[in-house]
Structures are given as structure tokens and as C-alpha cells.
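For reference, the structure discussed in these notes is given below.
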Amino acid sequence: MKAFSQLRKNLKNDFSNLKPVKIALLGDTATQFLSVALRGAGFDLGFDLQIWEADFDQVEWQIFDPASEFYQFNPEVVVIFQSSHRLLQKYNKLKPEEYSSLAQNELQLIESLQTAVNAKLNSKIIYYNYAEIDDAIFGNYANKIASSFIFQVRKLNYELMLYAEKLPGFYICDLSSIQNNIGKATIFRPAMYINTEMVLSIDVLPAIALRTVELIGALYGKFKKCLVFDLDNTIWGGVIGDDGLEHIQLGTLGIGKAYTELQYWIKKLKNRGIVLAVCSKNTESVAKEPFEKHPDMVLRMDDISVFVANWENKVSNIRQIQNTLHIGFDSMVYLDDNPFERSMVGEHIPALTIPDLPGDPADYLEYLYTLNLFETVSFSNEDTERTKQYQVEVERNAGKHEYVDEYAFLESLDMICHIEPFNRFNAPRVAQLSQRSNQFNLRTVRYTEADIEMLASSADHYNFTFTLKDKFGDNGLICVVILHKENSETLFIDTWLMSCRVLKRGMENFVLNTVTFFAKTNGFKSLKGEYLVTPKNGIVKNHYRDLGFREEGAFWILNPAEYQSKKSHIKKSDE
Amino acid sequence: MDKNEILKKVNAIFIDILDDENIVLTYETTANDVEDWDSLNHIQLVVAIEKQFKIRFTSKEIQSWNNVGEMVNSVSLKLN
């Protein structure tokens with residue numbers, strides 16, 4: 001991790017090609033350094049964070065005054081830092097009989113801040129939770145008495161989680177967890193606090209800034225979707241081809257415990273929706289044997305979406321995995337115990353994230369914890385199904401070779417699509433798809449769950465979601481279209497995005513048929529599309545041209561009345 | 001370590017943190033003489049000096065210095 005002075009030097013770099021995001025930073029202690037660290041860390045993640053910083057201790061003033069500079073600035077993300085030192089000062093001034101209501105009162109204040117912000121702005125809010133301070137008034141007994149400060153701080157952190165859980169646009173940045181990892185003696189320097197009102201030491205700012213910027217990154221679609229890992233000496237001890245099934249180290253054998261615990265971690269990632277892929281230099285049948293037969297293996301074949309074991313080089317194998325999954329290298333993490341393989345892969349595929357695993361396998365897990373590789377801003381039921389969907393995709397592609405022509409193949413899939421507007425059941429998945437889809441995404445406007453709920457009830461928007469089922473399995477919700485009624489004649493295609501899992505199935509034709517039919521039956525004269533280029537959405541560059549739209553300046557126009565329905569192998573579900 | 005040596009090292013830290021090659025410190029230099037030496041940068045300088053010499057200043061010391069010479073004195077007292 002970079003030091004604060006290095007982050008600060010980042011500020012002199014050229015930010016002009018980076019993604020701009022307007023951030024408002026409000027704190028009850030001095031935040032100037034935090035602001036510098038955020039902007040510097042943002043640079044390294046590809047963001048031009050344009051930070052407006054409230055004056056010292058102006059959180060309530062800025063947020064409760066509708067005419068404040070804060071609202072004039074109109075931020076996309078609001079970062080609020082209220083420190084536990086200030087909280088302790090508040091507590092100190094209370095009458096003893098009021099001590100036990102500290103957390104409740106504070107939560108009410110936070111709720112009213114959030115409500116005030118979101119009444120005027122459609123911004124996401126990032127709120128730092130509280131780093132614990134034990135004021136040692138009660139000793140261990142503090143845990144048995146609600147009026148102690150530590151009891152109230154922990155209660156507040158817990159209540160904040162409950163609050164965040166039900167509020168899609170409100171995110172917690174886990175300062176408490178950072179203090180647990182780094183230690184209070186490092187995070188807090190009393191001499192600095194006394195002199196400057198700064199409660200975060202210079203040494204800890206990079207860690208906090210990084211954690212915050214990773215969260216902001218996830219809000220704007222930068223997060224990991226896939227974990228690729230090596231086998232020998234990475235997820236078990238020893239070499240399966242040499243040592244044999246009985247002698248690889250797992251469970252209680254040798255340092256097997258370290259590997260078993262790592263496997264549990266990988267399994268939890270899979271359950272969370274991270275796609276797993278194996279990339280190993282091995283004979284395939286030998287590499288698969290532990291997954292099928294070893295009693296102490298936590299990971300099994302059905303946890304793995306893509307299994308590549310052969311004697312080719314790892315670079316081309318990882319490229320093959322990426323190709324099968326249709327995701328960017330920058331959303332993949334590669335685990336390998338061998339520094340040589342790591343550096344070779346890293347040299348050829350620089351976008352890939354490759355943790356520098358420590359030499360001792362006992363350290364693997366703790367090291368991986370510190371990297372915070374899998375930041376996310378959403379989690380839906382769909383995530384838990386993802387592995388199966390990719391497995392089916394691999395199977396489906398295998399089936400493709402049996403058909404001589406594409407047409408017969410598509411016809412044989414028995415594809416069925418269910419169309420639905422946004423509702424509260426599909427909102428989490430729609431939001432997630434909006435954040436995840438980079439390639440098949442015409443305008444790459446990111447919407448969160450809160451945005452989707454607003455769009456669902458907007459009178460000027462018409463929303464479509466598409467699912468796709470076929471004989472191999474259910475792909476779930478894979479396509480979203482948002483139409484904006486510009487006027488009584490024109491429908492603007494604000495969003496058209498699709499999961500790359502279902503490329504080349506004729507889904508585009510089916511979606512266009514649906515949308516045009518809607519436009520026509522509702523009396524619209526023109527369907528207006530736009531392509532906004534990003535580094536990743538080159539595959540839809542000619543999307544509107546290919547579908548028969550006519551170019552008009554920066555936009556693409558289609559007249560629904562003249563539209564001829566396109567051939568599609570997909571049937572509409574009657575459900 | 002003698003004071004001249006400390007001053008040299010402190011000078012290098014100033015150049016690095018304030019990102020200005022032209023800074024030449026003497027014992028008499030004050031915050032008014034160095035562009036960008038404001039209260040915020042002061043904290044960064046203090047932390048960098050602490051790291052360099054592996055020492056820690058008290059909150060009183062941080063507030064007490066009137067010029068670079070007094071700062072160097074504090075360092076020297078802690079080292080010797």
C-alpha cells in the first residue's frame with residue numbers, strides 16, 4: 001500500500017482521462033488529509049474524484065440547510081465521517097441517566113441526515129462506522145451494562161448495519177474493522193489529535209482511503225467476479241501428480257489445515273456469487289481426482305465453473321477461461337503459489353489481479369483478508385446461482401459443435417423468455433446487472449437499487465426485464481431496457497444492457513421486437529438510441545446500425561410503424 | 001548525531017514533503033520563510049521526522065517550536 005506522501009504526490013498527475021465522480025466529504029473532525037488521501041487513492045483506481053469538502057464540523061449545518069453549498073455542489077456520492085472521539089465527547093456531557101440512549105439518539109440523527117440528503121439528492125451515502133474506544137470506566141463489566149460507552153458504540157455499529165441493510169443507497173465503510181486489523185495505537189495519535197483535531201493518523205489514511213475508494217469503485221462497476229486458482233501447493237499441499245491422492249496435504253495431514261481453511265474461504269466466495277475457475281498444469285483426470293475422491297476436499301467439481309488442467313502455458317489457459325466466461329480480465333483474481341508463474345501471467349495479462357501469496361501457506365488466508373479483493377455493493381439470490389449458470393454455459397457451448405448450422409442449434413435450445421417491468425423482487429438483480437455489465441451496455445449508466453425503485457414508479461419511464469430459459473437451464477434475468485418518454489412522439493432508449501452469458505442467441509432481435517411493438521401500440525413515432533463509448537463496450541459499437549436504426553447526428557432512430565419484426569428463436573413465456 | 005547532520009536530514013524531509021528542491025533551512029528559518037509550510041503540512045513534516053529518526057514528539061513539543069533550530073534541538077535531545 002502506498003504511503004500518504006505518495007498518494008499526495010498523485011494529485012499532481014493528469015486526471016483528465018479518468019472517470020469523474022463528484023464527492024462531498026463532511027466530517028465532525030478535520031478531514032483535509034482524508035480528502036487528499038481519497039483523491040490520491042482514487043487516481044490509482046482510475047477515478048477523478050472531484051471532492052467538495054465541508055468546513056470543519058459542519059455536517060448538520062450543510063445537510064439540514066436546503067440552500068447550503070453542499071446542495072449546490074450536487075454530489076453523486078456523499079461521504080460522512082463522524083468520529084468516535086466526538087461521540088465520546090457527546091457521551092461525556094450527558095447526564096448519567098441519559099448514557100444508555102446515546103446510540104439510539106445518534107442513530108436518529110444519522111437517519112435524519114440521510115433522509116434530508118435523499119429528499120433533495122439522488123446521491124449514494126457512505127458512512128464510516130465507529131472505531132471502538134474503551135474508556136475503561138467499568139472494565140469488563142462494560143459488556144454487562146448498557147450505559148457504558150463501549151456498549152453504546154457497539155450497539156450503534158450494530159444498529160447502523162441494520163439500517164444499511166434496509167436502505168439500498170446507504171453504505172457503511174468499516175472503519176471499526178480497519179482499526180481491528182491495524183490497531184488503535186497506529187490509527188490514533190493523541191499528540192496529533194490534541195494539536196490539530198485530526199483523529200486519523202497519517203499512517204492509517206491510505207488504508208482508510210483505499211477502503212473508501214474501493215467502495216466507490218464498486219458503485220461504479222469496478223469489482224471482481226471470478227477467482228481463478230492453481231491447485232498444487234495452492235489449494236492443497238504437495239503435488240497431486242507426484243504425491244498421489246493419499247499424500248496431498250489437507251485436513252489434519254501436515255499443514256493441511258491451512259489449505260482446508262483457504263478452501264472454505266473460496267467456497268464462501270462461490271456461495272456469494274464469485275465464479276470459480278481452476279487453472280493447473282496437470283493431467284486433467286489426475287487434477288480432478290481430489291475434487292471427486294478426497295474426503296477432506298471442501299471444494300468439489302460442482303463448485304467449479306471452468307476447469308482447465310493441461311500442460312499448456314497458464315497465460316493461454318487463463319485467456320481461455322476469460323473467453324468462456326465473457327468477463328474482463330480486470331474483474332478476475334488469480335491465485336498461484338509459484339512466484340514465477342505469477343510474474344509470467346502478470347506480465348502478459350496486466351489487468352489481472354494477482355496477489356503475492358506469502359511463502360508460508362499458513363499466512364495465505366490472513367494475507368488475502370487484508371487485500372479486500374471482493375468489494376461489492378449488491379448481493380442477490382441470483383448470485384448464489386451463478387456457478388450453475390456458467391457450468392450450463394460450458395455444457396451448452398459443447399453442444400454447439402454437434403450442429404452444422406447456427407439456426408438449427410438455436411432452434412434446438414427451446415429458448416423461452418419472460419418479460420416483466422421493474423418490481424421490488426427484481427430490483428436488486430436489475431441494479432446488480434446495471435453495475436456489472438460492461439460489454440453489452442449501450443450507455444453504461446449505472447443504477448442502484450434505490451434508482452431502480454424510483455424508475456419503477458416514474459411516469460416517464462417504461463422498464464423491461466428479460467429472463468431466458470432453455471433446455472439446459474435457467475439463465476435468470478439477463479437483459480434490461482429502460483425507455484424514457486422524451487415527448488409524446490419519442491422514446492429514448494436510456495438503457496439497453498445484456499449479460500454476456502447470452503450473447504449470440506438472437507436475444508437482441510427478440511428484445512427489439514418487444515420494444516418496438518410496445519412503442520407502436522402506444523403511439524410513439526420514433527425510437528431513439530444512443531451509443532456511448534467506453535473502453536469495454538466495443539462489441540455494441542454497431543449495435544443500432546446492425547439492427548436497422550438510421551443515424552441522425554449522435555443518435556440512432558427507428559420508426560416503429562415501418563419496423564418489420566425480426567426472426568427470433570426465442571418464445572415469449574405466458575406466465 | 002550532531003545538529004548539523006540532523007539539520008541536513010530535516011532539510012531533505014522538507015524538500016520531499018513540500019516537493020520543493022529549493023528549500024534551504026537554517027536554524028533561524030521559521031514557517032513564514034518557507035512557502036507551503038502551513039499547519040497541515042507541519043503535521044506531515046512532524047510525522048516524517050519522527051519516522052526518519054525513530055522518535056516520537058509530545059504534543060507540547062509540536063506546539064513549542066518557533067524555528068527550525070528548536071525543532072532540531074528537540075530531535076537532538078531525544079537522540080542523545
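Here is how names work: the chains are called A, B, and so on, in the same order as the sequence lines, proteins then strands, and each is numbered from 1.
- Your options are B:K51, B:Q44, B:Q63, B:E61, and the one with the most heavy-atom pairs under 4.5 Å with chain A is B:Q44.
- The closest side-chain heavy-atom distance from A:N195 to B:H42 is not below 4.5 Å.
- Of the inter-residue distances, the one linking A:K9 atom NZ with B:D16 atom CG reads 3.5 Å to the nearest 0.5 angstrom.
- Contact annotation: the side chain of B:I43 approaches that of A:F33 to within less than 4.5 Å [non-hydrogen atoms, C-beta and beyond].
- Between the CG atom of A:D203 and the CD atom of B:E50 there is a distance of 9.0 Å, given to the nearest 0.5 Å.
- Looking at A:R8 and B:D19, no side-chain N of the basic residue comes within less than 4.0 Å of a carboxylate O on the acidic one, giving no salt bridge.
- Rounded to the nearest 0.5 angstrom, B:I62 CD1 and A:R189 CZ are separated by 6.5 Å.
- Interface remark: A:S5 contributes backbone and side-chain atoms alike to the contact with chain B (heavy atom separation under 4.5 Å).
- Dense packing is recorded around NZ of B:K78, with more than 12 heavy atoms of other residues, nucleotides or ligands lying under 6.0 Å away.
- Under the 4.5 Å side-chain criterion, counting only non-hydrogen atoms from C-beta, A:I194 is not in contact with B:K60.
- More than 12 non-hydrogen atoms from other residues, nucleotides or ligands lie less than 6.0 angstrom from CG of A:D360.
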